[in-house]
Amino acid sequence: VHAGMTVMRLNFSHATVEEVELRTGNLKACKGRHGGAAELPCYGDNASPEDGPDNNVRATLLDTRGPEIRTGKLANDDSGHETVTFEAGATVTLHTDDQWAEDGSTNADLYINYANLHRSVVPGMKVLLDDGAIILTVADVDTDSATVTCTVDNTGELRSRAGVNLPGAETDLPAMSDKDRVDIRYGMTKDVDFVAASFIQNADGVREIRDYMTKCAEELGWDDGMPLPLVISKIESTTGVKNFDEILEESDGIMVARGDLGVEIPIQTVTNAQKEMVAACNAAGKPVIVATQMLESMAKNPRPTRAEVADVTNAIHDGADAVMLSGETAKGKYPVDTVKMMSDIIKSAEKFEIRREDLVPPHYAKFKKSQNVPETTLAKAAVTAAAKRDAKAILVLTSRGTLPRYVAAYRPNVPIIPFCPNAKVAKQLMLNRGVHPVIGLSGIDQAKRPVRAIRHAVEMGFVEAGDDVVVATMEKDEDMGNIATLKVATVPPFVMS
């Protein structure tokens with residue numbers, strides 16, 4: 001945590017309830033990043049002790065298993081560790097009838113848990129087993145028996161319940177499996193901040209997940225104003241890439257999940273797809289995560305490869321809001337060193353962007369949100385003012401987190417410090433680039449909030465006397481409704497409360 005982690009991923013493909021309880025408990029026990037400012041009188045009389053400046057606003061992300069396609073259990077595999085050999089040139093028949101799941105699979109007859117397999121593939125297409133360790137070519141499709149006959153392209157070993165990919169095929173998989181529904185509901189009882197939805201195919205899938213979370217919130221007795229977990233759609237299939245625009249429109253954010261994506265589409269096109277998706281997210285002003293094998297070698301080695309450092313650096317230069325570690329920290333030998341290395345690479349890349357705008361074009365030009373929205377107008381003005389005055393920080397007073405998201409979308413080269421009314425609003429800002437949320441200023445008169453915010457920023461070490469700061473807020477007026485306010489101030493040696 002202290003090495004630089006801002007969001008903790010809970011991988012529900014493998015996680016047990018005991019592991020989740022332990023990890024969420026440990027995260028909550030960690031001291032807040034800006035706990036040194038705990039003595040500041042930044043909170044109103046009605047503020048909760050849980051919302052004090054010592055509160056930890058690091059977020060949690062529930063990563064669903066998703067509706068995966070898998071092979072069945074191998075025949076006579078009682079230990080769960082047996083394998084079967086597939087020989088190049090051999091023929092194998094793929095079955096979807098549940099009877100084959102009960103009988104067990106062999107290298108001649110293999111059960112696949114996707115009933116519409118025969119409707120999704122045609123002769124000549126590839127079927128990849130266990131992330132491509134074994135490649136099959138479809139030779140014949142029998143619609144009457146719902147079987148698919150394939151030729152084995154390469155010799156390899158296959159275990160029970162291995163993953164199956166169908167490159168180029170369009171499937172009708174549901175947005176959530178039964179396990180996903182159980183996991184999402186459980187995650188909501190643990191107050192997760194984001195749900196990373198695996199294998200999203202279209203916008204309907206995103207809506208289905210959000211509707212399900214709304215139903216869960218009602219059943220769990222949540223207050224009407226309690227924010228739902230934000231939906232981060234994982235793009236990892238041919239169909240997901242094809243329907244990316246509609247998925248982005250409906251989602252709260254995107255994860256470029258390069259593991260399965262690199263199996264579903266030609267691997268040489270993954271980087272191109274990543275750049276296109278990151279750019280589209282930047283234009284929409286929505287956070288985007290680049291994930292999978294970013295520092296893979298550090299699972300075993302104390303230092304990454306040069307290629308991995310370049311991969312992370314280029315993701316930052318492309319405009320990624322966040323970069324994600326997976327096995328490197330989940331089961332690697334050097335988890336703390338890996339997080340620190342990732343953090344150091346990010347800091348180096350961001351400093352280079354400021355120093356060499358001729359080589360890394362500014363990202364603020366990519367945001368295309370309509371200027372008819374008051375918050376976007378204010379956000380752009382705040383970023384422009386910060387650049388003109390060489391301000392050291394942009395302070396944003398927010399009630400729902402909307403304004404700081406728009407400020408982040410314009411990609412200022414200074415920290416964005418939103419003052420949020422509660423921990424949930426603060427934690428759901430943790431994926432947005434350059435945002436350092438703080439809980440505070442609730443219950444304090446609006447006229448006093450800018451001064452209090454500046455003083456708090458000083459105590460946290462973001463700014464010091466003589467620095468210029470920008471303060472942006474949407475204030476409510478009984479007669480005029482919301483009023484956008486932008487202030488530029490120079491930090492005095494001491495700010496009176």
Side-chain angles (χ1 to χ4, degrees), residues 11-14 63-143 145-174 176-180 198-199 201 234 236-240 257 259-265 267 292 327:
N11 184 1
F12 274 75
S13 291
H14 309 289
D63 197 338
T64 67
R65 173 185 285 182
E68 296 178 314
I69 303 176
R70 290 188 175 273
T71 64
K73 178 185 174 183
L74 298 177
N76 303 317
D77 182 17
D78 296 326
S79 67
H81 301 293
E82 300 297 324
T83 61
V84 64
T85 301
F86 284 75
E87 299 288 347
T91 298
V92 57
T93 302
L94 308 182
H95 303 268
T96 59
D97 189 287
D98 289 341
Q99 183 61 46
W100 287 95
E102 297 176 10
D103 294 343
S105 296
T106 67
N107 58 1
D109 295 282
L110 190 65
Y111 172 73
I112 306 293
N113 70 347
Y114 177 45
N116 288 328
L117 176 68
H118 62 289
R119 296 190 178 95
S120 300
V121 298
V122 295
M125 293 183 69
K126 301 292 184 180
V127 177
L128 276 57
L129 308 179
D130 200 11
D131 286 338
I134 297 175
I135 303 175
L136 312 177
T137 298
V138 177
D140 182 64
V141 177
D142 188 332
T143 56
S145 63
T147 58
V148 177
T149 303
C150 300
T151 302
V152 181
D153 289 4
N154 65 291
T155 300
E157 299 286 325
L158 186 72
R159 57 186 172 84
S160 292
R161 302 184 179 90
V164 178
N165 292 92
L166 308 173
E170 291 196 20
T171 63
D172 57 354
L173 292 169
M176 294 176 287
S177 65
D178 291 341
K179 172 178 167 52
D180 294 335
S198 296
F199 299 102
Q201 307 283 318
K234 296 173 64 176
E236 46 193 337
S237 68
T238 302
T239 307
D260 281 286
L261 188 62
V263 179
E264 287 279 328
I265 67 175
I267 195 167
T292 316

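Every value quoted in this text rests on a predicted model; they were computed, and no experiment measured them. Throughout, residue positions are numbered sequentially from 1 according to the sequence presented.
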Between [X] and [Y], is any pair of side-chain heavy atoms under 4.5 Å apart?
X	Y	answer
D140	P123	no
P67	D180	yes
V92	N107	no
K126	T137	yes
D109	H95	yes
L110	L129	yes
F199	E236	yes
D63	S13	no

What pair of heavy atoms forms the shortest contact from [X] to [Y], and how long is it?
X	Y	value
T238	P167	OG1-C, 4.3 Å
A139	T151	CB-OG1, 4.3 Å
T106	F86	O-CZ, 4.0 Å
T171	Q201	OG1-OE1, 3.7 Å
N154	I135	OD1-N, 2.9 Å
S198	R65	CB-O, 3.7 Å

Rounded to the nearest 0.5 Å, how far apart are [atom1] of [X] and [atom2] of [Y]?
X	Y	atom1	atom2	value
N116	D172	CG	CG	4.5 Å
E264	T239	CD	OG1	7.5 Å
R161	L74	CZ	CG	9.0 Å
D153	L136	CG	CG	7.0 Å
K179	T64	NZ	OG1	9.5 Å

*Going by distance alone, is a donor N or O of one side chain under 3.5 Å from an acceptor N or O of the other, for K73 and S160?*
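Checked: K73/S160 side chains show no N/O donor-acceptor pair below 3.5 Å.
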*Flag the pair K234 and D260 as a salt bridge only when some basic side-chain nitrogen lies within less than 4.0 angstrom of an acidic carboxylate oxygen.*
no
*Going through the checks in order, is the side chain to side chain donor-acceptor pair (under 3.5 Å) test met by D97 and Y111?*
CA-CA 8 Å; D97 189 287; Y111 172 73; over 6 Å; no
Please check: side-chain N/O of [X] versus main-chain N/O of [Y], any donor-acceptor pairing under 3.5 Å?
X	Y	answer
D130	A133	no
T93	T149	no
N113	R70	yes

*Quick one: do V141 and V122 satisfy side chain to side chain contact (heavy atoms under 4.5 Å, CB included)? Show the steps, please.*
CA-CA 7 Å; V141 177; V122 295; 5.6 Å; no
*Among D131, I69, L261, which residue meets the side-chain contact (heavy atoms from CB on, under 4.5 Å) test with N165?*
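With N165 as partner, side-chain contact (heavy atoms from CB on, under 4.5 Å) holds for just one option, D131.
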